[in-house]
Structures are given as C-alpha cells and as structure tokens.
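In each ligand, atom 1 is the first atom listed, and ligand 1 is the first ligand listed. Predicted model, so just to flag it, every value in this text is computed and none were measured.
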Amino acid sequence: MLAAGAQSGGGRSGEKPAKVTAMNKRLKKVQKALAKQKLDGILVRVFEGDNQNVLYLSGFGGTTAVLLITASKAFIITDARYYARAIQEAPDFKLVKVERGKKVSDYINEALKLAKLTRAARIGFEADHVSVEGLRRWNKEIDSKLTPTVHFVERFRQYKDEAEIALLSRACRATSKVFSEVVPLIKPGMTELELAFELDMRLRKHGAITNSFTSIVASGPNSAVPHHATGERKLKAGEPVILDFGGLFPGGYCSDITRTVFVPGKEPDSRIEEIYDIVLGANKAAFKALRPGVTWKEFDKVARDFIVNKGYGQYFTHGLGHSLGLVAHDPYDYEHDPFQPGTVITDEPGIYIEGLGGVRIEDDLVVTKDGSDRLTKAPYWKF
Ligand code: GLY
Ligand code: MN
C-alpha cells in the first residue's frame with residue numbers, strides 16, 4: 001500500500017524525465033499493444049523501489065505510483081509526496097490523488113471507473129513485479145479481472161529511441177571524463193577504497209545522481225576476481241588494477257565502463273601485458289562485428305573465439321556483456337531478439353588468472369542502422 005505522508009525512500013527520486021514527446025510515443029506503443037494481448041488496460045506499479053517502467057512510460061521519476069493505461073487513457077495514481085511531480089513530469093497522465101490513510105486499491109478502482117471500464121474488463125499487471133501477497137490483495141480489492149503479463153513494458157525498453165540514446169551518450173561521455181581524471185591520481189600505497197572514492201566523487205562532479213552499481217576497484221591478485229569486493233588493499237607499483245564503475249544520470253539512464261590500468265613505478269609483468277593486448281583485441285573485434293541482425297550468441301562468440309585462439313579461452317569466465325539503459329543490466333531477451341538499431345549493449349571481455357591477476361575492458365556500444373558506435377570514449381590507458 002502507498003504510505004501517504006511517509007518519507008521518500010530516496011534512491012532514484014531525483015530523476016527528471018526525458019523529452020515529453022518521446023514519452024508520448026512510448027505510451028502510444030503500449031496502448032496499441034494492449035489489443036494484441038486482448039487487454040483493456042494494464043497496471044504498472046512501483047512501490048518504493050525500482051521505478052524504471054513507470055519512468056519509461058510516464059516520465060515520473062518518483063518511487064511510489066501506479067499507472068493505469070488503457071487504449072485511450074492514462075492515469076497516474078500517487079500520494080501527496082508526489083502530486084506536484086506527477087503533474088509536472090507526467091503530463092500525458094491524469095493524476096488520481098491518494099489521500100492519507102486510504103487504500104490505494106480504492107483509487108485504482110476510481111481510475112478504472114474514470115476509464116469507463118466495467119467489472120468484466122481484463123486488466124494486465126506485471127507478474128514479474130507484483131508480489132504473491134500484493135496480488136492476493138489486488139484480486140480481493142480490485143473490481144476487474146487481473147491478467148498476468150511478462151516483460152510487457154521491458155520489451156519496448158530493449159530498443160532505445162533518440163531521446164534515450166542522447167541521455168546514454170551524455171552519461172558515457174561524463175563517465176569517460178571521470179576515468180581520465182582519476183588515472184593520474186593512481187599511486188602505489190593508495191587503497192582500493194580510496195580509489196573508488198575518487199571515482200564516485202567525480203561521477204557526482206560530472207552530473208551523476210548516484211552510482212549505477214557499487215564501483216569495483218580490484219588490484220593485483222584481486223583483479224583475478226571478476227566482481228571483487230573493493231577493500232582496504234594497498235596498490236603496488238606495476239600491478240594491474242581493474243576499475244569498473246558507472247553513474248545514473250538525470251533522465252534516469254546509466255553508464256557502465258571498465259578499464260584496466262597498471263600502477264606506475266615499475267614495469268608490469270609481461271604476461272599480464274600480453275593478456276591486456278588480447279582482451280583489448282577481443283573488445284575491438286566484437287565492436288567491429290556489432291550491427292543490426294547480429295544475435296547475442298554471435299556477438300559473444302566473436303570475442304570468445306578471439307581469446308580462445310590466443311590460448312586463454314578457459315580464463316574468460318563470463319558473458320561478453322549485457323543490455324544497458326535505465327539500469328546497468330537492462331532487460332533484454334538475448335535468446336530470441338537479434339540486435340537492432342537502438343540496442344545498447346556492453347562489450348566487456350576479460351581474462352582472469354588466479355595468482356597472476358586479470359584484465360577486463362568494457363565499452364558501451366549502440367547499434368546503428370549499419371553498424372555500431374562506441375559511447376564510452378575513454379582512452380585505453382596502460383601507462
Ligand atoms: N560492470 C558491472 C557489471 O556489468 O556487472
Ligand atoms: Mn557491465
């Protein structure tokens with residue numbers, strides 16, 4: 001239930017919407033898709049949590065609301081903390097005000113009435129975002145037949161429109177600047193956490209609202225652990241350091257970049273240098289191969305084959321990348337949906353050898369009409 005009058009959960013609440021015209025187009029696409037699924041409407045809900053689908057469709061960046069979307073109408077149901085924002089950020093939606101101490105389902109019923117939907121109406125809900133208990137309550141309290149949908153909104157989020165690509169480009173540009181600013185600060189004796197602080201602080205300085213995930217700084221032997229938990233270890237001269245970080249920027253879009261650098265003051269181990277060149281080669285080969293029609297499996301295989309051919313296949317222990325958007329790991333049906341213009345995907349091969357160290361190099365790529373562009377322009381900086 002919406003806790004009217006409670007404090008905001010924080011998180012993503014500072015976001016401002018992308019262009020209203022883009023929202024409008026997204027809403028229309030969803031409205032058209034309702035008929036195909038024999039639905040009279042759909043409820044899209046966020047409760048003090050991840051608000052990506054609500055933000056994507058309405059522009060509303062707060063963390064508690066229910067959208068009711070029908071073929072021709074759209075309502076946003078929220079409480080007093082968010083009335084003003086809903087009016088400003090979601091101009092295509094009619095505001096239904098939840099009042100203190102009253103049940104949200106009563107207001108959903110009010111919106112259903114305003115939409116002239118009868119008890120027989122089939123209303124979709126997002127089965128992957130509503131808890132079992134939430135559904136039990138809704139089934140009891142809502143005056144329409146509730147029908148589960150899966151990835152109803154997410155499948156539209158797979159292919160980014162112009163407004164989204166502009167926001168992602170801006171996020172990646174700022175994040176690339178952060179990397180360039182931080183590299184000269186890397187010195188022996190500095191701890192991983194101190195280096196992560198420099199990344200986090202500069203992400204804010206360059207406009208991020210928050211991190212898109214907890215920054216990873218993995219030094220020396222820790223670089224052999226792909227998702228190492230950044231700690232107190234002090235950096236030593238000549239060893240590799242993996243920096244994997246990203247920000248969530250105004251508009252709600254994320255960046256995600258990884259660079260591996262060597263701590264100055266000593267020549268790096270020649271085997272790690274060799275690995276560095278192989279990983280960078282794999283990253284570049286995958287970028288070159290990315291174009292519309294390529295499948296996830298094919299994309300992954302380009303980088304994997306490159307590394308296998310150099311004899312390091314067994315040390316590339318994770319997938320090549322992931323879709324990027326309103327979250328760092330954005331939803332995407334990798335198995336069924338080949339890449340199309342607007343797909344934004346990370347390209348992050350890695351080689352990790354216990355006792356020696358590891359290298360990962362990650363870029364964010366956007367599929368264009370006839371190829372792809374690299375959004376993360378940060379240099380590959382070995383020293
Ligand atoms: N950069 C962190 C991840 O891709 O999971
Ligand atoms: Mn990533």
Considering only NZ, NE, NH1 and NH2 on the basic side and carboxylate oxygens on the acidic side, decide whether Glu181 and Lys177 come within less than 4.0 Å. no
Is the closest basic N to carboxylate O distance between Arg304 and Asp300 below 4.0 Å? yes
Report the distance from atom OG of Ser176 to atom CG of Asp363, rounding to the nearest 0.5 Å. 8.0 Å
Listed once per pair and sorted, the ring-ring contact (aromatic ring centres under 6.0 Å, His included) pairs that draw on residues 83-136, sequence neighbours left out: none
Strictly below 4.0 Å, N to O, side chains only: are Arg81 and Glu48 in salt-bridge contact? yes
Which atoms of the protein, restricted to N, O or S, are nearer than 2.8 Å to the Mn ion (ligand 2)? Asp256 OD2, His322 NE2, Glu348 OE2, Glu362 OE2
Measure the acute angle between the ring planes of Phe339 and Tyr332, then classify it against the limits of 30° and 60° as parallel, tilted or perpendicular. perpendicular
Between Arg291 and Asp370, does any NZ, NE, NH1 or NH2 come within less than 4.0 Å of an OD or OE carboxylate oxygen? no
Got a list of side-chain donor-acceptor pairs under 3.5 Å for residues 353-360, not counting sequence neighbours?
residue: Arg360; atom: NH1; partner: Pro226; partner atom: O; Å: 3.1
residue: Arg360; atom: NH1; partner: Tyr352; partner atom: OH; Å: 2.8
residue: Arg360; atom: NH2; partner: Pro226; partner atom: O; Å: 3.1
residue: Arg360; atom: NH2; partner: Asp244; partner atom: OD2; Å: 2.9

Sorted by chain and number, the residues that approach ligand 1 to under 4.0 Å with a heavy atom: Phe213, His227, Asp244, Asp256, His322, His329, Glu348, Glu362
Thinking salt bridges, do Lys25 and Asp161 make one under a 4.0 Å N-O criterion? no
